[in-house]
Amino acid sequence: MDLVAGDQQEILGAIGTDDLVALSDRRRFAAHLSLGAGLDPTWLDLFSEAARSVTGTDEPPDFLDARRELDSVGAGKQGEGGQGDRTIERVDPRWGDAIARLDDTQIDRVAGRWIDLLDEELGDLPREEKPWIRQLAGELVAFCRSAQRARDILFAWSL
């Protein structure tokens, strides 16, 4: 799973040619965050819920609600040599903007609330996972701040 900010066609080109290393080229793309294979997209819904809880606002929307099908040719689902489908979706900029607006002093509280929500949803997380989740919360905020100068944010994931 990856979040990538930049020009949609450039992103689709890199993903379509399996040039995933290029996604981290800040000269081509405003931001890239590899979320890894162990993370479920619903975790980003819980992150959004944690941010709303800490800020006391209605933003950001759930990540599920912030995703949209791409409207260009060659977008959407791409085969992966029999390994399943790669789905690529546009992310509503409101989601990224709301996360980018989190104050640095709020990130730790959002991360703590996110861990609580993950515990409620999945059962107790192993102790060694919690520092990684706290780090990921900061990386999500940094990604969204960098993505504000990009035309598009795409979310690419595989089953």
Side-chain angles (χ1 to χ4, degrees), residues 1-8 10-12 14-15 20-70 75-76 86-159:
M1 288 190 345
D2 293 274
L3 284 167
V4 187
D7 177 75
Q8 175 178 309
E10 288 267 338
I11 296 167
L12 291 174
I15 292 172
L20 303 182
V21 173
L23 298 177
S24 295
D25 183 349
R26 293 298 289 257
R27 293 171 299 187
R28 289 181 65 190
F29 305 105
H32 171 243
L33 181 58
S34 177
L35 299 167
L39 189 92
D40 185 286
T42 60
W43 284 34
L44 296 176
D45 280 343
L46 296 175
F47 179 83
S48 298
E49 183 178 338
R52 290 191 303 267
S53 174
V54 167
T55 62
T57 66
D58 293 337
E59 295 289 328
D62 281 344
F63 188 71
L64 178 66
D65 297 333
R67 299 182 312 188
R68 302 282 180 264
E69 288 186 24
L70 295 179
R86 178 180 290 142
T87 300
I88 304 170
E89 300 165 311
R90 176 185 301 281
V91 177
D92 185 332
R94 291 181 316 121
W95 182 83
D97 291 344
I99 291 173
R101 284 192 304 271
L102 286 171
D103 188 87
D104 287 342
T105 61
Q106 295 173 315
I107 296 171
D108 195 48
R109 289 190 358 232
V110 169
R113 180 68 183 129
W114 191 20
I115 290 169
D116 291 343
L117 291 169
L118 288 167
D119 278 341
E120 291 171 18
E121 184 79 17
L122 306 171
D124 288 336
L125 292 172
R127 182 182 199 108
E128 59 272 7
E129 291 290 319
K130 294 178 182 181
W132 171 77
I133 294 168
R134 287 188 182 282
Q135 177 183 343
L136 183 57
E139 290 172 353
L140 279 165
V141 172
F143 169 86
C144 290
R145 288 176 181 170
S146 294
Q148 286 184 304
R149 59 187 173 88
R151 285 183 59 189
D152 304 299
I153 300 174
L154 300 186
F155 175 58
W157 56 283
S158 300
L159 294 176

In Å, rounded to the nearest 0.5 Å, how long is the span from [atom1] of [X] to [atom2] of [Y]?
X: L140; Y: I99; atom1: CG; atom2: CD1; value: 6.0 Å
X: C144; Y: L33; atom1: SG; atom2: CG; value: 8.5 Å
X: E139; Y: W132; atom1: CD; atom2: CH2; value: 9.0 Å
X: L3; Y: L154; atom1: CG; atom2: CG; value: 9.5 Å
X: F47; Y: L118; atom1: CZ; atom2: CG; value: 11.0 Å

Does some side-chain heavy atom of [Y] sit less than 4.5 Å from a side-chain heavy atom of [X]?
X: T42; Y: L64; value: no
X: F63; Y: V91; value: yes
X: L136; Y: L39; value: yes
X: D119; Y: K130; value: yes
X: W157; Y: R67; value: yes
X: I11; Y: I88; value: no
X: L44; Y: L35; value: yes

If you measure from the Lys or Arg side-chain nitrogens to the Asp or Glu carboxylate oxygens, is any gap between [X] and [Y] under 4.0 Å?
X: R52; Y: D62; answer: yes
X: E10; Y: R27; answer: no
X: R145; Y: D104; answer: yes

_Atom CZ of residue position R26 - does it have more than 12 heavy atoms of other residues, nucleotides or ligands inside 6.0 Å?_
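More than 12 within 6.0 Å, yes.
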Short question: side chain of S48, backbone of P60 - any donor-acceptor pair under 3.5 Å?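 No, S48 side chain to P60 backbone: no donor-acceptor pair under 3.5 Å.
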One pair to check against side-chain hydrogen bond (donor to acceptor under 3.5 Å, both in side chains): R101 and T55. What are the steps and the verdict? CA-CA 10 Å; R101 284 192 304 271; T55 62; over 6 Å; no
